[in-house]
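Letters go in sequence order (proteins before strands), and every chain restarts at 1. Because the structure is predicted, anything quoted here is derived from the model rather than measured.
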Amino acid sequence: MTLRLFNTLSGQLDELVPMDGKALRMYACGPTVYDYGHIGNFRTFLAIDVLRRFLKLTGTEVRHVMNITDVDDRIIQNAAAAGIPIGEYTARFEQAFLEDLEALKVQHPEQLVHATGHIPQMVELVQKLAAAGAAYQTEDGSWYFRLASFPEYGKLSKKDLSGMEDGARVDLDRYEKDSARDFALWKAAKPGETFWDTPIGRGRPGWHIECSAMAMEYLGESFDLHAGGEDLIFPHHENEIAQSESVTHKPFARHWMHVRFLLVDGRKMSKSEGNFYTLRDLLLKGYKASAIRLALISVPYRHQLNFTFDGLIEATNAVERLRTFHQRLVSGSFAEGSDPALQAAAKTAQTDYLAALSNDLNTAEARAPIFDLIRAANTSIDQGQLFAADRDAILAVLASFDAVFDVIADRDAEPTRRALEWAAQSGRLDDVAPELLARQSLTDEAIDALVAERTLAKKQRNFARADQIRNELAEKGVVLEDSKDSVRWKRK
RNA sequence: GCACCGGUGGCGAAGCGGCUAACGCGCAGGUCUGCAAAACCUGUAUACGCGGGUUCAAUUCCCGCCCGGUGCUCCA
């Protein structure tokens with residue numbers, strides 16, 4: 001099963017296979033750790049997670065490097081405003097970012113690397129560019145990339161810059177650049193700013209150079225895939241190509257994957273629109289991490305995803321349905337044997353599921369055969385026509401679904417608990433939904449006691465009291481499920 | 001302004017030259033229940049933005065229009 005993935009560079013679906021025949025080497029642009037991650041960030045990281053999980057599911061080894069940008073203008077500004085060293089500032093947000101990834105079950109890349117840990121590599125790259133005539137230093141000590149030296153510039157973003165000549169007529173002295181479009185490789189230190197003392201001067205790296213340096217350090221001069229959000233196509237990735245290929249004269253990354261921005265309530269998410277949500281915001285509103293994960297991956301990564309609270313509720317219900325069905329299979333008892341129709345249905349579901357994902361990671365299409373199978377299996381169970389071998393076959397399909405989607409396995413309590421803890425520590429308890437607090441207000445033991453009391457009341461046919469308890473629990477988000485001889489409860 | 005993407009039933013969302021146009025959510029009825037809830041089943045909706053064109057055939061291709069969104073060196 002070979003993945004056909006859209007390649008921004010070629011403008012078409014290309015097969016994604018390791019060029020060395022062994023492991024797929026990929027680089028994904030990680031976050032700039034200057035604030036808490038928002039759901040737009042996480043859509044991108046989730047899409048990349050779906051990619052790497054699919055590769056692994058279908059037998060491709062993955063070597064995935066992700067960077068953490070831990071020095072840039074915003075970080076310098078914010079750290080200064082907070083009056084702490086930038087290292088302390090970034091460590092806090094990196095930690096938060098990693099916790100959020102874990103909450104969403106985003107798998108860790110094989111390597112996580114930091115910009116500030118690779119200054120020598122960046123300096124060396126700038127020196128090589130200078131030697132090749134592709135970089136120059138301005139009077140203030142900054143280094144720039146000379147776009148004119150790289151005729152292929154624009155090949156990724158399909159921009160034709162030839163008609164956009166500048167410099168000739170405009171006074172660009174304040175930039176001290178040869179051309180207004182030349183971009184910074186190295187920024188000379190301004191008074192009071194963090195700087196590194198290096199052979200190319202005192203300063204700090206430009207944004208683009210870190211990815212070129214680190215990608216080549218760990219993946220080689222040419223590698224299989226480079227991924228990130230769609231906003232990175234230009235200028236970030238275009239600049240990475242220019243910097244890297246000017247030195248190596250080899251294709252930097254063969255395949256480029258870009259994840260579309262999401263919308264919130266039909267608008268671009270922005271703080272000023274009031275539709276800006278971090279993961280923590282949503283957890284504190286009482287939404288489950290698994291529902292957020294499913295909502296964010298169910299729309300194929302190249303399509304615009306319109307994030308809404310209705311959509312989150314829908315995802316919550318869908319997760320519930322998947323889990324209920326899974327539980328039904330695991331806890332039920334089934335006679336030995338198998339039903340040919342169900343065996344065939346399981347096989348079809350598995351095939352269609354993988355086929356959908358292999359077609360540019362069409363997650364929406366991939367869900368359909370799974371739900372088809374659930375319906376067929378439920379019908380069979382109701383008719384007593386599902387047997388042990390069928391259960392095993394269907395569980396195997398669910399396992400392969402969860403190898404990518406990973407929402408059936410329930411690890412929702414921990415992220416919510418941690419978010420509440422964080423809210424308490426950072427004085428944000430006001431942001432917590434009252435229902436969520438209510439839900440946390442009852443211990444398991446207290447619930448068990450109330451459930452026992454209700455069972456007794458029912459036995460005595462005191463239905464008024466029984467219903468009163470049921471309502472009380474419902475208010476605190478505890479749902480009761482009566483069965484013939486027992487009561488199960490779960491927190492909503 | 002230039003460029004790109006999209007407009008499919010109540011909502012979300014696949015499909016994209018010819019199959020009953022997936023799937024999820026919602027909704028209705030049924031089974032179950034002291035009654036509910038949950039779960040399951042069944043059903044549900046006369047859905048392909050508008051106007052032309054190409055074709056034996058168009059939701060699917062082409063042109064125009066309307067609407068929404070995004071990008072054009074802050075941004076996942």
Side-chain angles (χ1 to χ4, degrees), chain A residues 28-32 34-35 37-48 69 72-74 147 157-161 163-164 180-184 207-208 227-236 238-239 258-263 266-271 294-295 298-308 310-322 324-325 327-328 352 356 359 362-375 377-383 457-459 461-464 466-467 470-471 473-474 479-484 487-490 492:
Chain A
C29 288
T32 301
Y34 69 101
D35 203 349
H38 60 249
I39 53 176
N41 296 314
F42 292 118
R43 181 192 194 191
T44 298
F45 298 119
L46 280 164
I48 293 165
T69 299
D72 90 324
D73 292 346
R74 288 166 297 183
L147 276 198
S157 55
K158 321 294 177 208
K159 283 183 192 298
D160 179 8
L161 296 170
M164 301 156 93
R181 291 187 168 270
D182 288 354
F183 57 88
W207 173 33
H208 317 296
E230 65 168 335
D231 57 307
L232 300 183
I233 298 173
F234 186 87
H236 185 53
E238 199 71 73
N239 292 352
H258 292 100
V259 182
R260 191 107 194 246
F261 267 168
L262 60 66
L263 263 34
R267 309 242 127 231
K268 184 175 175 177
M269 180 169 63
S270 76
K271 286 182 177 165
L294 187 64
S298 287
V299 175
Y301 76 96
R302 278 206 298 143
H303 287 211
Q304 209 161 52
L305 179 157
N306 186 15
F307 182 91
T308 63
D310 284 349
L312 258 190
I313 291 166
E314 179 200 316
T316 304
N317 293 338
V319 167
E320 220 27 61
R321 171 129 194 252
L322 288 162
T324 303
F325 173 69
Q327 190 54 37
R328 195 177 188 196
D352 291 353
N359 177 25
N362 192 333
T363 45
E365 197 181 348
R367 283 173 47 157
I370 302 301
F371 283 99
D372 283 338
L373 181 62
I374 290 177
R375 194 178 331 101
N378 272 323
T379 305
S380 292
I381 295 175
D382 287 354
Q383 296 170 344
K458 277 174 64 180
K459 247 180 208 147
R461 304 197 67 80
N462 181 359
F463 296 121
D467 291 351
R470 185 168 67 198
N471 290 337
L473 287 170
V479 182
L480 299 185
E481 287 173 21
D482 291 347
S483 62
K484 284 185 200 75
V487 185
R488 275 218 314 265
W489 61 262
K490 62 183 177 189
K492 218 162 68 178

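For the C1' atom pair drawn from B:G7 and B:U44, the interatomic distance equals 25 Å after rounding to whole Å. Taking atom P on both nucleotides, B:A28 is separated from B:C66 by 41 Å, rounded to a whole Å. Distance check on atom P: B:C19 versus B:A47 gives 16 Å, rounded to whole Å. Here the separation of B:G1 from B:G10, taken at their C1' atoms, is 39 Å to the nearest Å. If you take atom P in B:G24 and the same atom in B:G18, they sit 24 Å apart, rounded to whole Å. The gap from the P atom of B:C72 to that of B:U59 amounts to 37 Å, rounded to the nearest Å. Here the separation of B:C65 from B:C23, taken at their P atoms, is 37 Å to the nearest Å. Spacing between B:C2 and B:A22 at atom P, rounded to whole Å, works out to 40 Å.
Residue A:N471 places none of its side-chain N or O atoms closer than 4.0 Å to OP1 or OP2 of B:A36. One finds a side-chain N or O of A:K268 lying less than 4.0 angstrom from the OP1 or OP2 phosphate oxygen of B:G71.
With sequence neighbours excluded, the residues satisfying side-chain hydrogen bond (donor to acceptor under 3.5 Å, both in side chains) with A:R328 are A:N378, A:D382. For A:S298, the side-chain hydrogen bond (donor to acceptor under 3.5 Å, both in side chains) partners at least two apart in sequence or on another chain are A:R367. Contacts of A:F45 classified as ring-ring contact (aromatic ring centres under 6.0 Å, His included), with partners at least two apart in sequence or in another chain: A:F97. Shown here are the side-chain contact (heavy atoms from CB on, under 4.5 Å) partners of A:N359, two or more places apart in sequence or in another chain: A:R4, A:L13, A:E365. For A:N239, the side-chain hydrogen bond (donor to acceptor under 3.5 Å, both in side chains) criterion is met by A:Y153, A:H208, not counting sequence neighbours. Residues satisfying the side-chain hydrogen bond (donor to acceptor under 3.5 Å, both in side chains) test with A:D72, not counting sequence neighbours, are A:R74. Scanning for salt bridge (charged side-chain N to carboxylate O under 4.0 Å, His left out) contacts around A:D352 gives an empty result, with sequence neighbours left out. For A:D231, the side-chain contact (heavy atoms from CB on, under 4.5 Å) partners two or more places apart in sequence, or in a different chain, are A:F261. Partners of A:A364 under the side-chain contact (heavy atoms from CB on, under 4.5 Å) rule, at least two apart in sequence or in another chain, are A:P300, A:N362.
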List, with names and distances, any nitrogen or oxygen atoms from the protein found under 3.5 Å away from nitrogen or oxygen atoms belonging to nucleotides 1-8 of chain B.
{"unit_1": "B:C5", "atom_1": "O2'", "unit_2": "A:R260", "atom_2": "NH1", "d": "2.9"}

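Among the atoms of the strands shown, only primed sugar atoms or phosphate atoms (P, OP1, OP2) are found under 4.0 Å from some heavy atom of A:L263. When heavy atoms are screened at a 4.0 angstrom cut-off, A:N239 is found touching no nucleic acid atom at all. A:W489 comes within 4.0 angstrom of nothing in the nucleic acid, heavy atoms only. Residue A:V299 is classed as a sugar-phosphate contact, given heavy-atom separations below 4.0 Å to backbone atoms only. Nucleic acid contact for A:I381: none, since no nucleic acid atom lies under 4.0 Å from a heavy atom of the residue. Residue A:G311 is out of contact with every strand shown, counting any heavy-atom pair closer than 4.0 Å.
Per the geometry, CD belonging to A:E481 stands 7 Å off P belonging to B:A39, to the nearest Å. One interatomic measurement links the two molecules: CZ of A:F234 to P of B:A76, which rounds to 16 Å at whole-angstrom precision. Distance, A:L322 CG to B:A39 C1': 14 Å, rounded to whole Å. Taking atom CZ of residue A:R74 and atom C1' of nucleotide B:A76, one finds them 11 Å apart after rounding to whole Å. One interatomic measurement links the two molecules: CG of A:L305 to P of B:U70, which rounds to 14 Å at whole-angstrom precision. The interatomic distance linking A:L473 (CG) with B:A37 (C1') rounds to 13 Å, in whole Å. The separation between A:R488 atom CZ and B:A38 atom C1' is 9 Å, rounded to whole Å. Rounded to a whole Å, the CG atom of A:D72 is 18 Å from the P atom of B:U73.
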Under the criterion side-chain contact (heavy atoms from CB on, under 4.5 Å), I'd like the reasoning laid out for A:T69 against A:Y34: C-alpha separation, chi angles, the key distance, then a yes or no. CA-CA 9 Å; A:T69 299; A:Y34 69 101; over 6 Å; no
Go through the steps for A:Y301 and A:L46 under the test side-chain contact (heavy atoms from CB on, under 4.5 Å), then give the verdict. CA-CA 9 Å; A:Y301 76 96; A:L46 280 164; over 6 Å; no
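When base pairs are accepted only as Watson-Crick or G-U wobble with both N-N or N-O distances under 3.5 Å, RNA chain B takes part in stems of 3 or more pairs at B:1-7 with B:66-72, B:10-12 with B:23-25, B:26-31 with B:39-44, B:49-53 with B:61-65.
Minimum heavy-atom separation, A:S157 to A:F234: OG-CD1, 3.6 Å.
The 5' end of RNA chain B is approached more closely, in terms of each residue's nearest nucleotide, by A:P300 than by the other of A:P300 and A:D231.
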In B/S/- notation (B base, S sugar-phosphate only, - none; protein heavy atoms under 4.0 Å), nucleotides 23-35 of chain B written 5' to 3' is SBSS-------BB
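Note: A:E230 CD to A:R302 CZ = 11.5 Å, rounded to the nearest 0.5 Å. Put simply, CG on A:L480 and CZ on A:R488 are 11.5 Å apart, with the number rounded to the nearest 0.5 Å.
Distance from the side chain of A:T32 is smallest for B:A76 among the nucleotides B:A13, B:U73, B:A76.
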